[in-house]
Amino acid sequence: MTRKDDEDTLAIEKMKLVRVDGLLKNLDSVIYNCCLDGNFHPEPAIQHMSGSLGYITLSEDNPYTAHLQKMEELFQLVGESAPALSAQTARDIQPDDKEKIEELAESLARMQTEKAELEKEKSELEEKKAQFSHFAGLDMPFDEIIKGEYIKVRFGFLPKASYARMMVAYAENPHVLFVTCSEDKGGYWGIYFTPLQNADEIDGIFATLFFERLHLPEASGTPESIVKQLGDEIADCQKKIEEKEAEITRCWAEQKETCSEIYQQLKWHEEAFDLRHYAAYRDNYFFLVGWVPAAQADAFAEKVKQIRHMRVTISDPEEVENATPPTKLKNPWFVKPFEFFVDMYGLPSYGEMDITAFVAITFTVLFGIMFGDLGQGAVLAVGGFILWKWKKMALARLIVPCGISSMVFGFMFGSVFGFEEALNPVYEMLGMSGKPISNWPGTPHSVLDTAAINPILVCAIFIGVALVLAAMVLHIIAAVRKGQWGEAIFSNNGLVGILVYCGGVSFVSDFMSGPHFLPSGVAFALIGGGLVLLFFKEILIGLVDRHPNWKPESWADYCMQNIFELLEYVLSYFSNTVSFLRVGAFVFVHAAMMMAIFSLAGDPVNPIVVILGNALIIALEGLLSGIQGLRLEFYEMFSRCYEGGGHPFKGVSLTDKAE
């Protein structure tokens, strides 16, 4: 296999480290012309050079930030969100652009302040109107009532219970007089009069009656006329507010397009300027470092060389000390959605095998088996496609192949929205005697038949055996590609581990009266010899891979530690395999849940119950099948063949932020 083929099968793009240096005044030209197309992943340049040369990080304030903040405040002022970057060629910010921003901001701020004052005035008028409206039934001039020399007047609210108590307890008191003006469900709005010399006594009495006094503002005329006058003032105030809003809208409409363009240019320049902070400089010279996909490295170098007095060097990761290249996956479109799961666990390190394709196949198949229904699978596939196109949800894109897999296995199980006989005419047209699954040796007509339990569970176990072995083979391939032959041969996930595992599977299968794969003697020999090799695996791996510290410091500690590790290996082989029983169990769960739905639907079948039941199962069991499938991937397979310690390639692309 050639190196190029090897790189392709890794499904991880090869990276090159590029170093650009030249006159500091040309740094912006390098950034704008070479580093913003999504193919440049910047690195702090100071980490790739000697500190003794006097270079320091280029730390400076971004000149665009203050103007950008003012623009964002401007958009907030008119109640709009700032526009995203659009795919357009950036131009320089002109001095008059900044002046336009200042003038427009001042003008809009002034109009918004005037509008806020009008709204405050309107609110105060509405409050006054609400207060006087309680006393609209009082046919006396308000100013005449409150200016009495010898009588005090109190406006307010008296609860109904207190009113009734007043009429009984103070009926003989000539100074306790309450005049009602209006009534609501809680009590009465009105006034009471008291002689000046009795004011304290009467105020105390009404305090015990829970009278809530209302302090009315000064006004002239009857309460009814005051309410009418206040209504006219409120209407006039509202008209002024609407005029001011129209003025703001008109002003913004005239300047919105210009402001949006200026904002985008400011945003573009601000984010491009931030790249300068990755550079190191000394005097008038700069040094910029980053990772570029190998396929784009030559084109990057050509663009840099078009700028005068620039130098560029390109290095392979192996040529750079302590280099940790970022990971950029490259998978075909039908596998790419499953990068979501790989990213959840952790991106592969640069040079590590990308197992996205393995995940795509295994997860899709496992999900289809656990959620095998032609109709429900179709709903998942269509629903996932709609959500992916409409909401751009990464997870929804995953649901499409899972739904298709469910349809395939649903056809094999003969289930359409839980109807077990719906596909019989199709099978007859295809010349089949019944469901594909019922034609398998030893498999009954339905998965819910008692005789179906063992065959399906055994099938689930052997699916687990196949996938565990596949994960171990992937580990061997990855180790060989790294040149770690000792790891590939002697580790618990290497060749020796496979021999021990196969011997154990054969022994257990024979013991459980299952298929007979190997003679008992051969199986015991594989297990015994393999465990001995695993006991000394650190030493053997160290010798083959030439580890400097392969010899144990203490043989007693080594023996004690490896006894427990051997036990852990055996238990992990067993638990990883048995864990796949959940695949078969979910086949039964799905069928049993549908049987429960049809029991509730009665005979004849109630279509509403069937529809609601299917909706519940699609949501609930679809979620559970996805979680269980992901658990099998992470714990039973990833743990044997994958580390996932990489960091993502983040090529700078300001245009992508608009898409």
Side-chain angles (χ1 to χ4, degrees), residues 24-38 40-46 56-120 241 244-281 286 288 290 392 650-659:
L24 185 59
K25 65 180 182 180
N26 292 331
L27 176 57
D28 284 339
S29 297
V30 173
I31 291 174
Y32 291 164
N33 297 316
C34 310
C35 302
L36 302 178
D37 59 356
F40 181 76
H41 175 103
E43 292 266 321
I46 202 69
I56 61 174
T57 299
L58 185 58
S59 179
E60 52 193 354
D61 293 334
N62 195 315
Y64 302 99
T65 301
H67 297 289
L68 196 64
Q69 289 176 347
K70 188 173 289 293
M71 287 293 296
E72 289 172 348
E73 292 172 0
L74 191 60
F75 280 96
Q76 291 176 2
L77 198 63
V78 295
E80 293 188 13
S81 57
L85 285 172
S86 60
Q88 59 181 346
T89 303
R91 64 170 176 81
D92 292 335
I93 302 297
Q94 304 298 322
D96 61 338
D97 289 337
K98 298 175 183 178
E99 293 177 4
K100 289 179 184 177
I101 296 171
E102 297 286 348
E103 292 175 1
L104 181 60
E106 291 177 4
S107 178
L108 287 175
R110 174 181 51 77
M111 288 187 283
Q112 288 284 9
T113 301
E114 293 172 355
K115 177 188 170 184
E117 291 174 352
L118 288 169
E119 288 175 340
K120 181 180 178 182
I241 291 173
K244 190 60 64 177
E245 287 177 344
E247 184 180 357
I248 293 172
T249 302
R250 184 171 58 255
C251 177
W252 178 246
E254 294 173 354
Q255 301 294 333
K256 180 178 179 179
E257 185 175 350
T258 301
C259 287
S260 296
E261 181 185 352
I262 294 174
Y263 175 83
Q264 290 181 41
Q265 296 299 331
L266 285 170
K267 188 70 175 176
W268 194 95
H269 282 284
E270 184 203 39
E271 297 196 15
F273 190 90
D274 282 341
L275 277 180
R276 292 171 60 94
H277 298 152
Y278 286 93
Y281 83 104
F286 78 91
L288 186 65
K392 305 299 182 183
K650 296 181 178 179
V652 181
S653 177
L654 305 187
T655 301
D656 288 347
K657 297 181 180 182
E659 297 176 354

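- A heavy-atom distance below 4.5 Å is not found between the side chains of T57 and P44.
- Side chains of F273 and T65 form no contact here, defined as non-hydrogen atoms less than 4.5 Å apart.
- Distance check, rounded to the nearest 0.5 Å: CE of M71 to CD of Q69 gives 13.0 Å.
- Between K267 and E271, at least one side-chain nitrogen of the basic residue sits less than 4.0 Å from a carboxylate oxygen of the acidic one, meeting the salt-bridge criterion.
- The pair K244-E247 meets the salt-bridge criterion, with a side-chain N (NZ, NE, NH1 or NH2) lying under 4.0 Å from an Asp/Glu carboxylate O.
- Pairing each heavy atom of Y32 with each of A272, the nearest pair is CE2-CB, 3.3 Å.
- In the displayed structure, Y281 atom OH is contacted under 6.0 Å by at most 12 heavy atoms of other residues, nucleotides or ligands.
- Within 6.0 Å of atom OH in Y278, 12 or fewer heavy atoms from other residues, nucleotides or ligands are found, so the atom counts as exposed in its surroundings.
- Here the options are R250, M111, K115, the test is side chain to side chain contact (heavy atoms under 4.5 Å, CB included), and the partner is E245; only K115 passes.
- Salt bridge status for R110 with E106: absent, with no side-chain N to carboxylate O gap under 4.0 Å.
- Between the CG atom in L108 and the CD atom in E73 there is a gap of 12.5 Å [rounded to 0.5 Å].
- The neighbour count for E257 CD, taken as heavy atoms of other residues, nucleotides or ligands under 6.0 Å away, does not exceed 12.
- The two residues I241 and L118 come nearest to each other via the heavy atoms CG1-CB, 3.6 Å.
- N62 is not listed as a side-chain neighbour of R276, based on a closest heavy-atom distance of 4.5 Å or more.
- A 4.5 Å side-chain heavy-atom check between W252 and L74 finds at least one atom pair inside the cut-off.
- Using a 4.5 Å heavy-atom threshold, the side chains of L288 and L275 count as separate.
- Classified by interplanar angle (parallel below 30°, tilted 30° to 60°, perpendicular above 60°), the ring pair Y64/H269 is parallel.
- Between the side chain of H41 and the backbone N or O of G290 there is no donor-acceptor pair closer than 3.5 Å.
- Interatomic distance, OG of S59 versus CG of D61, reported as 7.5 Å (0.5 Å rounding).
- Here the CD atom belonging to Q264 is positioned 8.0 Å from the CD atom belonging to E261, to the nearest 0.5 angstrom.
- Between V652 and C35 there is no side-chain heavy-atom pair separated by less than 4.5 Å.
- Pairing each heavy atom of S107 with each of C251, the nearest pair is OG-SG, 4.4 Å.
- The shortest distance between side-chain heavy atoms of F40 and V30 does not fall below 4.5 Å.
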